[in-house]
Amino acid sequence: MTPATQPRVIIFDTTLRDGEQSPGATMTHEEKLEIASLLDEMGVDVIEAGFPIASEGDFAAVSEIAKRSKNSTICGLSRANYKDIDRCWEAVRHAASPRIHTFIGTSPLHRAIPNLTMDEMAERIHDTVTHARNLCDNVQWSAMDATRTEHDYLCRVVEIAIKAGATTINIPDTVGYTAPRESADLIAMLLNRVPGADKVIFATHCHNDLGMATANALAAVDAGARQIECTINGLGERAGNTALEEVVMAMKVRNDIMPYRTGIDTTKIMNLSRRVSSVSGFAVQFNKAIVGKNAFLHESGIHQDGVLKNVETFEIMKPADIGLTAKNIAMGKHSGRAALRAKLKELGYELADNQLNDVFVRFKALADRKKEVYDDDLIALVADEQTNDAHEFLQLKKLRVVCGTEGPQEADMVLSIDGVDHHIDATGDGPVDAAFNCVKMLFPHQARLEIYQVHAVTEGTDAQATVSVRLQEDGRIVNGSSADTDTIVASAKAYINALNKLIVRRTKSAPGDDLKSVNYKDAS
Ligand code: KIV
Ligand code: ZN
């Protein structure tokens with residue numbers, strides 16, 4: 001089979017919906033638009049842009065992404081009731097190619113929550129899919145927790161959804177419970193038993209709780225599924241989702257045993273991975289397949305020797321296949337704006353003039369402090385510029401700390417709050433604690449610090465540090481991050497970045513999950 005005649009697998013990216021649901025991964029409106037446009041350019045077939053009824057913000061983001069999308073189908077999520085579906089349609093209808101996605105939990109555990117009998121749930125599926133199909137020609141229906149649903153009942157409800165007009169049937173492994181053989185058998189069973197199954201696309205949506213999401217998704221494709229639902233970096237609740245870069249590269253590198261094609265331009269993978277990591281605040285683990293920092297590093301003598309003689313001895317794909325350029329000394333303090341623009345373009349960043357100006361100023365300051373500015377330094381710098389916006393409510397203006405063997409450590413800070421500068425000093429158990437105490441005194445809050453992590457971007461004692469901070473307040477979780485050659489400054493900025501996100505989150509409300517109290521036929 002030539003690649004052109006191989007079955008085409010639809011890539012459905014849900015970074016902006018399922019990915020964004022992971023604790024603390026909330027993205028701003030602008031960040032969502034940017035990620036959506038990168039996904040569109042990369043060749044993702046369907047972008048699940050959000051859950052329109054969840055908040056005004058989600059609705060606005062899905063509508064705007066729908067208006068702007070050039071190639072991708074834009075999909076929104078809705079529960080199994082008319083109000084959700086109407087709201088979803090209001091948002092996605094602006095797209096050249098819109099899709100409504102509606103779902104309900106079909107397993108015994110999930111049926112018990114709205115307290116529906118099998119017959120009642122079957123009727124609701126029929127009615128809600130029919131309602132969605134009356135609005136939109138492209139309707140996806142998902143049987144949440146399908147892998148723990150009785151087979152006979154799953155066949156029954158899938159048949160109902162198909163008859164009611166669903167064009168894609170999604171079979172989620174919601175809790176990451178299945179294994180590759182079972183995942184394949186389930187799709188094969190549905191294709192064999194359900195009348196009309198050959199007229200629709202079957203999708204696989206796997207969570208990674210047992211570390212098998214990618215394997216389960218590919219097994220489902222082997223059995224006949226033709227849509228993979230996935231996220232960049234595998235972002236998602238708990239252990240995350242199937243990672244887009246893993247399934248796409250697996251089908252490319254092992255096309256001999258997985259002869260399927262996608263429309264993805266794999267050279268865009270690395271850039272998307274970096275952007276999603278930066279806007280979600282979820283650092284990519286160093287040994288993560290495909291996009292981890294170590295994925296193409298060879299440290300052991302035998303490996304290095306082999307790679308130098310023939311790169312294929314220890315590398316099954318080329319770094320360039322995922323858009324990873326050679327790691328070299330990027331720039332020095334004499335490099336100009338045009339060189340910086342060209343270098344950033346090579347790294348996948350196309351900045352507007354005003355953004356480039358800001359990054360240039362910071363690059364010069366960094367080049368003054370640091371002899372060699374590497375690609376990773378520039379990436380951290382741009383990411384920091386994009387995350388720590390100058391128009392934020394809280395902004396660090398100045399920080400000096402006194403630290404050393406003789407405590408207590410002290411910090412002296414100027415923090416701008418809503419455009420007004422405030423000055424304070426505080427002591428603490430270490431310089432980071434002292435700096436955080438300054439912020440707490442100037443901007444009192446109840447948020448609890450759950451995670452504080454520091455990573456060096458490159459080697460050397462003059463390396464930039466990237467700091468990630470997670471805060472929790474009344475069940476709301478936010479992640480903040482920042483980079484600087486001064487670890488304490490990066491820490492204070494990451495803390496402030498998380499607080500800025502929290503301030504935004506305080507104004508958002510989530511939808512009630514209580515389906516019992518909703519008459520599912522009530523329209524909006
Ligand atoms: O994991 C899941 O079941 C989901 C559904 C909403 C499709 O994300
Ligand atoms: Zn999911």
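Since we're looking at a predicted model, the values are computed, not measured. First listed ligand is number 1; within each ligand, the first listed atom is number 1.
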Determine yes or no for a side-chain-to-main-chain donor-acceptor pair under 3.5 angstrom, with Asp265 supplying the side chain and Met42 the backbone.
no

Kindly confirm or rule out a cation-pi arrangement of Arg111 over Tyr153, judged by NZ or CZ under 6.0 Å from the six-membered ring centre and within 45° of its axis?
yes

Polar contact flag, side-chain donor to acceptor under 3.5 angstrom, Asp145-Ser107
yes

Is there a donor-acceptor pair under 3.5 Å between the side chain of Thr15 and the backbone N or O of Gly19?
no

Can you list, by chain and residue number, every protein residue with a non-hydrogen atom closer than 4.0 Å to ligand 1?
Arg17, Asp18, His101, Phe103, Ser142, Met144, Asn170, Pro172, Thr174, His205, His207

Quick check: are there more than 12 heavy atoms from other residues, nucleotides or ligands sitting under 6.0 Å from OH of Tyr452?
yes

Does Glu229 come within less than 4.0 Å of Arg17, counting only side-chain N to carboxylate O?
no

Check whether the side chains of Asp321 and Thr266 place a donor and an acceptor atom closer than 3.5 Å, and report yes or no.
no

Side chain of Asp45, backbone of Ile11: donor and acceptor closer than 3.5 Å?
yes

Report yes or no: does Thr262 contribute a side-chain atom to a donor-acceptor pair with the main-chain N or O of Ile264 at less than 3.5 Å?
yes

Protein N/O/S atoms under 2.8 Å from the Zn ion (ligand 2): how many?
3

